[in-house]
Asker: 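Quick one: this structure, given as structure tokens, is what I'll be asking you about.
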Amino acid sequence: MQLLPFLSASPIAASAYRLSPNFAQNRPAYNFEDVKVPVQLGVMSRCPDALLCENVFDDVLPKVSNKIDISMVYVAKLDPTDEVFGVRCMHGPDECAGNVQQLCVAKYEPAVWWQFVQCQNYEGKDKVGIPDLALECADTVGINWKESKAGTCAGLDGSGTGSEGVALLKESVKLSRKLGIDASFLNPLEWVREKLTPGFKEESTKEEVDAGKKQAAQEGNRNIFEAAEAPTPRLVEAGPGKTAPQGVIYVPKKPSKPKPTSHKYSTANFKISHRKLNMLGRQISGKPIDYAIVQMQFSEKRASTRIMNMLATARDHAVRYKKLKESKLVVAEAWVSKGPKGAKRLEPRGRGHMGVQTHPNSKLTVVLKEGKTVEEKKLEDRERRLRKIIGTRSSVESLYNLPLRHQSFENTAIVRAVELGGAVVHVTTTYAIKATRPGAKIYTIALGLEEKERTSWIDVRLKGQQSSLSQFHHALDSNRNYHLIDITLDKPLGLNSTLNLVVESHQTHATFPWPAEASQKDEQALKYETDLFILSPYYTAVQRTKIKALVPRIISYTTPQGLDEFTLDATATKQGAAVTFGPYNNVPPSANQGFIEKYQQPISVHYYHEQPVLEVSKLVRSAEISHWGENLNIQDDIVLHNAGPVLKGHFSRLEHQSQTFYKRSAPHVLPALTLHLPPGISNTYYYDLVGNVSTSRLRVSPSAPKGLRNNRFSVLELRPRYPILGGWNYSFTLGWDAPLSDSTVYDKSTGKYIVEIPVMTGIPGSAVDHAEVSIILPEGATDVEFTTPFPAISNTISTHITYLDSIGRPKLTFQYQNLTISHAQNIYVSYSVPLAAHLRKPFVVGMAFFGVFAMAIAGRRINLTINKQKTL
């Protein structure tokens, strides 16, 4: 139900607009400074529109409080059948109670009456009229409800059922009926728009003007200009060189005003944070006006309705007053301004404490201009892309030295996300591709030479799928400074078909400490460098690179220059822990020498890193399989290196102990490691060059039952003999025994054993520079075959001889470089062991013991003396 805020002006103020020409001589002795214009608001205390109108007047009252006398009349219907109020309120009895409470306070406490009404409105329309709220608001504005006449008028319990208050309500309802205020057919917003919106005034004809002047002359009400004897010459606009007739003065023509090209409009200041309002401003900036209104219509933000109404009003004003075309209006600019701070409110807290709550005010300003429609933008973008495709297809062989099949795709978007770390940097690149030819199946990606050199692991798959796609790496060519990789899709794509490719890679040695030296108390800062553009042999509509650190402490970053062809916005922005380069639009095929020399440029990010930068300089893993002992022994010889900033000065044990006690260790100091070992291990040992190290803890997880996959692991908390600072090395040996059944199966159909051997035990955040993995099979093993999860630099098969061996054991050796945690996969080895090979070892042992006994027996029977003893 709508209601009308009814305004009435006094006769004295109204007569000021109808002054006769003789007013200067006969004006009465009125002092207009002491006259206040009475303003009456016809409201219902629980109506949403009433709360809105009262809120608007609350912003205006501080400026005109000395010029108006404001009061309220309440809209309702007299109902003698109502036993409590004798009045029927539209929003129920609680609204009648709220009307009575406000009337009583207005009568007996006029100084704080308006504050009392605003206090009730602040809690919402559903709380107006509730006795507890009335008592609370009375206490807030400083009214002693129990002892004041306002409380007696409305009821000491705050129920609004006092006899005097009910009588006041009936009188107010009668007054509203007398003034013609009826909530059944009046709409306040339409009324305000009709009364306050500027309109067009009909121009009177010359005959009507002359008749009015004649009537005024007969009544003696001619104005001072017409009463003068000398006729006033008429001013007529004319060009130079013309002779003016009698009674006419020619004046030069005024220059015509330029046609307005924009319209500026803003909301009023309302209660909202400028940060929240700025998000809505960014959402509508640059959008067509109708699109912006739809965005606000379906937005879930509380302020979106106000912004939607403001945009609709601005659109109507721009069309009506500025004569701008509605179909071409766009929100060219949108910004937020802070308003005056609102009234401070008390916020109760625990233990008798009170806080002060301040509500911010803000307003949104927009500028509407004529721009291109959505259809025109789509058509222009389509024509531009067609020109790019046609130009690329016609000159691809000569310009980019690429086969024509490489132009079977185009990139609608490329997004690269770089997660900065220490020794390892994780890069995820998503390609949104579109087929420009039917049957396209091979998609090519490109890497810069430096990026290819430090990329140690790369995996390509379709978005949302787990299986990897096959890769074919082109041979390195000295004539080009990029590397191409062909990706074979699962099935050919049709014309204009789209899909998303996700390329994940790990980069090692991509960061370096900057500065290169740091004392024991200093922080650790690293720098990461890469190329700005993501190379691709295809046209790219838009691409963006986002580099994110672990903590939001970015020291500096590169701002690219000379990119006006691809973007008109900021080339790089920072938000929190992330730095975003782009977006860059309409990038031509970039995997060519010309583009790289002209546009490609290095970028860097300098950031703080709060974890040690670890590298394993050398890893030697030996895995020995024993069928007789049903055991798999694994031993790792590790050379650990801290690649952080080199320690500047001497090491202080006192400073280290102090940092450990207060748990404020320097980020470039490694005090301990946590490793995940296989479940069910035993006989674990850990020693360094000095000897056994007993400062570690091991929690062993049991092995999984046969046939079930075990996702658990044993946890080793490894603490070195001394803290490892930047530039220091630590060499140690770690080994354990594991049940052979946990990693070996027997295939009865082929008579072969299949065993899985992990390539490495991953150290979190570390990179392995060089790794050597040796697998020692049982003696007599034949038909040896193996499968590696990724290619090795080299692999060899040799013979390993240890104690109690007769012919030696087969030994497989694999060499790797630049391993990361993603390389912690398994090598599968299959082999056969004949029955004779199983019996060879006990036979050799038995023969050895037999030989010893035979030598002992023979030795007792051999006389080695020179002289023969005489026997008696």
Side-chain angles (χ1 to χ4, degrees), residues 3-6 8 36 38-47 50-51 53-54 57-58 61 65 68-183:
L3 55 89
L4 172 65
F6 185 83
S8 64
K36 291 188 176 182
V39 178
Q40 291 178 328
L41 303 181
V43 299
M44 291 179 284
S45 59
R46 275 203 168 199
C47 184
L51 271 63
C53 292
E54 291 167 6
F57 273 91
D58 185 54
L61 279 179
S65 59
I68 66 172
D69 184 10
I70 189 170
S71 62
M72 287 187 183
V73 292
Y74 292 88
V75 181
K77 291 185 178 181
L78 296 174
D79 187 4
T81 60
D82 191 292
E83 300 178 356
V84 180
F85 299 101
V87 169
R88 181 163 56 88
C89 297
M90 183 171 297
H91 298 90
D94 288 336
E95 183 179 70
C96 293
N99 296 344
V100 172
Q101 295 165 2
Q102 296 178 6
L103 282 170
C104 291
V105 175
K107 180 178 180 180
Y108 292 105
E109 302 290 343
V112 295
W113 158 72
W114 186 259
Q115 289 81 354
F116 178 82
V117 174
Q118 291 300 313
C119 177
Q120 287 187 318
N121 294 347
Y122 178 76
E123 298 296 334
K125 64 181 183 63
D126 296 331
K127 297 294 184 66
V128 176
I130 297 177
D132 293 340
L133 178 60
L135 297 178
E136 182 180 349
C137 289
D139 183 60
T140 301
V141 300
I143 300 176
N144 190 348
W145 191 265
K146 301 296 183 181
E147 300 178 359
S148 66
K149 293 183 179 181
T152 306
C153 174
L156 296 178
D157 57 350
S159 60
T161 58
S163 58
E164 183 181 0
V166 172
L168 290 175
L169 177 59
K170 293 179 180 178
E171 294 177 2
S172 179
V173 172
K174 292 178 182 179
L175 178 60
S176 66
R177 303 286 291 183
K178 182 179 178 181
L179 294 174
I181 306 174
D182 188 358

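These numbers come from a predicted model, not from an experiment.
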Asker: List the residues meeting side-chain hydrogen bond (donor to acceptor under 3.5 Å, both in side chains) with S163, not counting sequence neighbours, and say none if there are none.
Answerer: none
Asker: Quick one: list whatever passes side-chain contact (heavy atoms from CB on, under 4.5 Å) with L175, sequence neighbours left out.
Answerer: Q40, V73, L179
Asker: How close do F85 and V166 get, heavy atom to heavy atom, and via which atoms?
Answerer: O-CG1, 3.3 Å
Asker: Who are the side-chain hydrogen bond (donor to acceptor under 3.5 Å, both in side chains) partners of D58, not counting sequence neighbours?
Answerer: W114
Asker: Strictly by salt bridge (Lys or Arg N to Asp or Glu O under 4.0 Å), give each pair with a member in residues 111-121 just once, sequence neighbours left out.
Answerer: none
Asker: Within this structure, what is the NZ-CG distance for the pair K170 and L78, rounded to the nearest 0.5 Å?
Answerer: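 Rounded to the nearest 0.5 Å, the NZ-CG separation comes to 8.0 Å.
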Asker: With a 4.5 Å cut-off on side-chain heavy atoms, are F116 and T140 touching?
Answerer: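 A side-chain contact under 4.5 Å is absent here.
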Asker: Can you pull the disulfide (SG to SG under 2.5 Å) pairs that have at least one residue in residues 143-177, sequence neighbours excluded?
Answerer: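 For residues 143-177: C104-C153.
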Asker: Starting at CG of L103, measure out to CD of E171 and round the result to the nearest 0.5 Å.
Answerer: 9.5 Å
Asker: Show which side-chain atoms of residues 122-137 pair as donor or acceptor with protein atoms under 3.5 Å away, not counting sequence neighbours.
Answerer:
{"from": "Y122", "atom 1": "OH", "to": "H359", "atom 2": "NE2", "distance (Å)": "3.2"}

Asker: As an exercise, state the distance from CZ of R46 to SG of C96, rounded to the nearest 0.5 Å.
Answerer: 10.5 Å
Asker: With sequence neighbours excluded, give me every side-chain hydrogen bond (donor to acceptor under 3.5 Å, both in side chains) pair touching residues 141-153.
Answerer: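 Applying side-chain hydrogen bond (donor to acceptor under 3.5 Å, both in side chains) to every pair that reaches into residues 141-153, excluding sequence neighbours, yields N144-E147.
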Asker: Looking at every non-hydrogen atom in both residues, tell me the closest pair between N99 and S45 and how far apart they are.
Answerer: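 Scanning both residues, the minimum pair turns out to be OD1-OG, 2.8 Å.
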Asker: Using side-chain contact (heavy atoms from CB on, under 4.5 Å) as the criterion, list what pairs up with A76, not counting sequence neighbours.
Answerer: V87, C89, V173
Asker: Output all residues satisfying salt bridge (charged side-chain N to carboxylate O under 4.0 Å, His left out) with E164, sequence neighbours left out; order by chain, then residue number.
Answerer: K107
Asker: Evaluate the side-chain proximity of V43 to M72: yes if any heavy-atom separation is below 4.5 Å, no if none is.
Answerer: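 Yes. Closest side-chain heavy atoms under 4.5 Å.
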Asker: Which residues pass the side-chain hydrogen bond (donor to acceptor under 3.5 Å, both in side chains) test with Q102, sequence neighbours left out?
Answerer: Y74, Q120
Asker: Once side-chain hydrogen bond (donor to acceptor under 3.5 Å, both in side chains) is applied, do any residues pair with D157, and if so which ones, sequence neighbours excluded?
Answerer: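 Counting only residues at least two positions away or on another chain, D157 forms a side-chain hydrogen bond (donor to acceptor under 3.5 Å, both in side chains) with S159.
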